[in-house]
Amino acid sequence: MDTPTATGDAQERAWRARLPALVGELLARWGLRRDGADASGEASLVVPVRRADGTPAALKLQRPREETTAALTGLRAWGGDGIVRLLDHDPGSSAMLLERLDGSRTLASVEDDDVAMRTLAGLMARLHSVPAPEGLRGLGGIARDMLATVPAAVDALADPDDRRRLRGWASAVAELVGEPGDRMLHWDLHYGNVLAGGREPWLAIDPEPLVGDPGFDLWPALDSGWERIVTAGDVAGAVRRRFDLLTEALGLDRERAAGWTLGRLLQNTLWDVEDGRTAIDPSQIVVAEALPYR
């Protein structure tokens, strides 16, 4: 059996050591049989299976934690509308039994970027239209926590221009934090998290749901296939085209959406600083400069 690639702490290692036994327990409990090679990521294991009636499915195992609980909450609320369908779950282990999608075909395989982005925007609109259930984290709290850590992060940046940028992004968030929004967001919807399906051509996977403004959900889409748009040239133009397409499809106020996208860039940079980086990633700067923010 393949296992997740993350090294992790002692609890992570203990969880990975228990995976073979846990898989066996769940296969027996749910009447499943293996149906292909396992796939592992940094913190999860996906086992292709077939149910007793022959229906293909995917058994996904990951450590119980806040993100996993949120994913279960979101998948139940969405009910397969634009996203992978949750067939069953095990509360004790946080394991999920999901409908089987084609893991070899992501939305990145669509050569026309406008077609791919419109497809992603359509899925995003459907996900945002479902009322958010109780129990999910809210963007307001996340934004306030970010703002509290900005001064220390600014001090950690070596370049005065980067310090100025980070303060500017924080100012944009400070203006918006009083109205954080009430939509259920995916939080990580990019080309790699959209797979080909059977009941629909494309379906989203791997949500990290929270409640907030749809503008906070745009950055992963803007960043999708970054290497490809860099190779094509005119990166800023590509970002602007994607931003225009997304905001039009979702019916968003452009300046508000741009402000919350700066919030995502702020969040990404704060995480980078936590990891010891002393400069803003150049891709974040390109996105920020392409946005229609005053």
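Computed from a predicted structure; not experimentally measured. Only this structure's heavy atoms are used, side chains among them; waters, hydrogens and symmetry mates stay out.
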Participant: Asp182: what forms a side-chain hydrogen bond (donor to acceptor under 3.5 Å, both in side chains) with it, not counting sequence neighbours?
Facilitator: none
Participant: Which donor-acceptor pairs under 3.5 Å do side chains of residues 51-60 form with protein atoms, sequence neighbours excluded?
Facilitator:
residue	atom	partner	partner atom	Å
Asp53	OD1	Thr55	N	3.0
Asp53	OD1	Thr55	OG1	2.8
Asp53	OD2	Thr55	OG1	3.2
Lys60	NZ	Asp206	OD1	2.5

Participant: Closest approach of Trp15 and Ser44, non-hydrogen atoms and distance?
Facilitator: CH2-CA, 4.4 Å
Participant: What pairs with Arg163 under side-chain hydrogen bond (donor to acceptor under 3.5 Å, both in side chains), at least two apart in sequence or on another chain?
Facilitator: none
Participant: What are the two closest non-hydrogen atoms of Leu157 and Asp162, and how far apart are they?
Facilitator: CD1-O, 3.6 Å
Participant: Got a sec, which pairs hit salt bridge (Lys or Arg N to Asp or Glu O under 4.0 Å) with one end in residues 211-223, sequence neighbours left out?
Facilitator: Asp213-Arg256
Participant: Distance-only criterion, 3.5 Å: show the donor-acceptor pairs between side-chain atoms of residues 138-153 and protein atoms not counting sequence neighbours.
Facilitator:
residue	atom	partner	partner atom	Å
Thr149	OG1	Met146	O	2.9

Participant: Who are the side-chain hydrogen bond (donor to acceptor under 3.5 Å, both in side chains) partners of Arg118, not counting sequence neighbours?
Facilitator: none
Participant: For a quick test of reading the model, state the closest non-hydrogen atom pair linking Val286 to Trp226 and the distance between them.
Facilitator: CG1-CH2, 4.0 Å
Participant: How long is the straight-line distance from CH2 of Trp78 back to OG1 of Thr73, given to the nearest 0.5 Å?
Facilitator: 10.0 Å
Participant: Measuring only between side-chain heavy atoms, which start at C-beta, is Asp113 closer than 4.5 Å to Tyr191?
Facilitator: yes
Participant: By the salt bridge (Lys or Arg N to Asp or Glu O under 4.0 Å) test, which pairs, at least two apart or in different chains, include something from residues 132-143?
Facilitator: Glu66-Arg137
Participant: Could you pull out the closest heavy-atom pair between Leu262 and Ala172, with the gap in Å?
Facilitator: CD1-CB, 3.9 Å
Participant: If you round to the nearest 0.5 Å, how far is CD of Glu208 from CG of Leu189?
Facilitator: 11.0 Å
Participant: Take atom CD in Glu175; do more than 12 heavy atoms of anything else shown fall under 6.0 Å from it?
Facilitator: yes
Participant: Tell me whether Arg183 contacts the main-chain N or O of Pro214 through its side chain, where contact means a donor paired with an acceptor under 3.5 Å.
Facilitator: no
Participant: Mind checking what makes side chain to side chain contact (heavy atoms under 4.5 Å, CB included) contact with Trp271, not counting sequence neighbours?
Facilitator: Gln267, Asn268, Glu274
Participant: Does anything in residues 189-200 form a salt bridge (Lys or Arg N to Asp or Glu O under 4.0 Å)? List the pairs, not counting sequence neighbours.
Facilitator: Glu99-Arg199, Arg126-Glu200
Participant: Applying the side-chain contact (heavy atoms from CB on, under 4.5 Å) criterion to Ile83, which one of Val130, Leu127, Leu203 satisfies it?
Facilitator: Leu127
Participant: Leu218 and Arg242: side chain to side chain contact (heavy atoms under 4.5 Å, CB included), yes or no, with the steps?
Facilitator: CA-CA 9 Å; Leu218 302 187; Arg242 288 176 167 189; over 6 Å; no
Participant: For His186 and Ile205, indicate whether the former's side chain and the latter's backbone hold a donor-acceptor pair under 3.5 Å.
Facilitator: yes
Participant: Working to the nearest 0.5 angstrom, can you tell me the gap between Gln62 CD and Met96 CE?
Facilitator: 4.5 Å
Participant: Could you list the residues that satisfy side-chain hydrogen bond (donor to acceptor under 3.5 Å, both in side chains) with Thr119, not counting sequence neighbours?
Facilitator: none
Participant: Roughly how far apart are Leu222 CG and Arg240 CZ, rounded to 0.5 Å?
Facilitator: 12.0 Å
Participant: Enter the distance from His190:NE2 to Trp219:CH2 here, rounded to the nearest 0.5 Å.
Facilitator: 8.0 Å
Participant: Check Gly82 against Leu123 and note the closest heavy-atom contact, atom names and distance.
Facilitator: O-CD2, 3.6 Å
Participant: Write out all pairs satisfying side-chain hydrogen bond (donor to acceptor under 3.5 Å, both in side chains) with one or both partners inside residues 87-97, taking only residues at least two apart or from two chains.
Facilitator: Arg29-Asp90, Trp30-Asp88, Arg76-His89, Asp90-Ser93
Participant: Would you check if the side chain of Asn193 reaches a backbone N or O of Asp188 as a donor-acceptor pair within less than 3.5 Å?
Facilitator: yes
Participant: Would you confirm whether Arg100, through its side chain, and Val49, through its main-chain N or O, come within 3.5 Å as a donor-acceptor pair?
Facilitator: yes
Participant: Please find the pair of heavy atoms, one from Phe216 and one from Gly263, that lie closest to each other, and give the distance.
Facilitator: CE1-C, 3.8 Å
Participant: For Glu289, which residues count as a side chain to side chain contact (heavy atoms under 4.5 Å, CB included) partner, sequence neighbours excluded?
Facilitator: Arg165, Ile285
Participant: Would the distance check show the side chain of Thr278 and the main-chain N or O of Ala158 forming a donor-acceptor pair, the cut-off being under 3.5 Å?
Facilitator: no
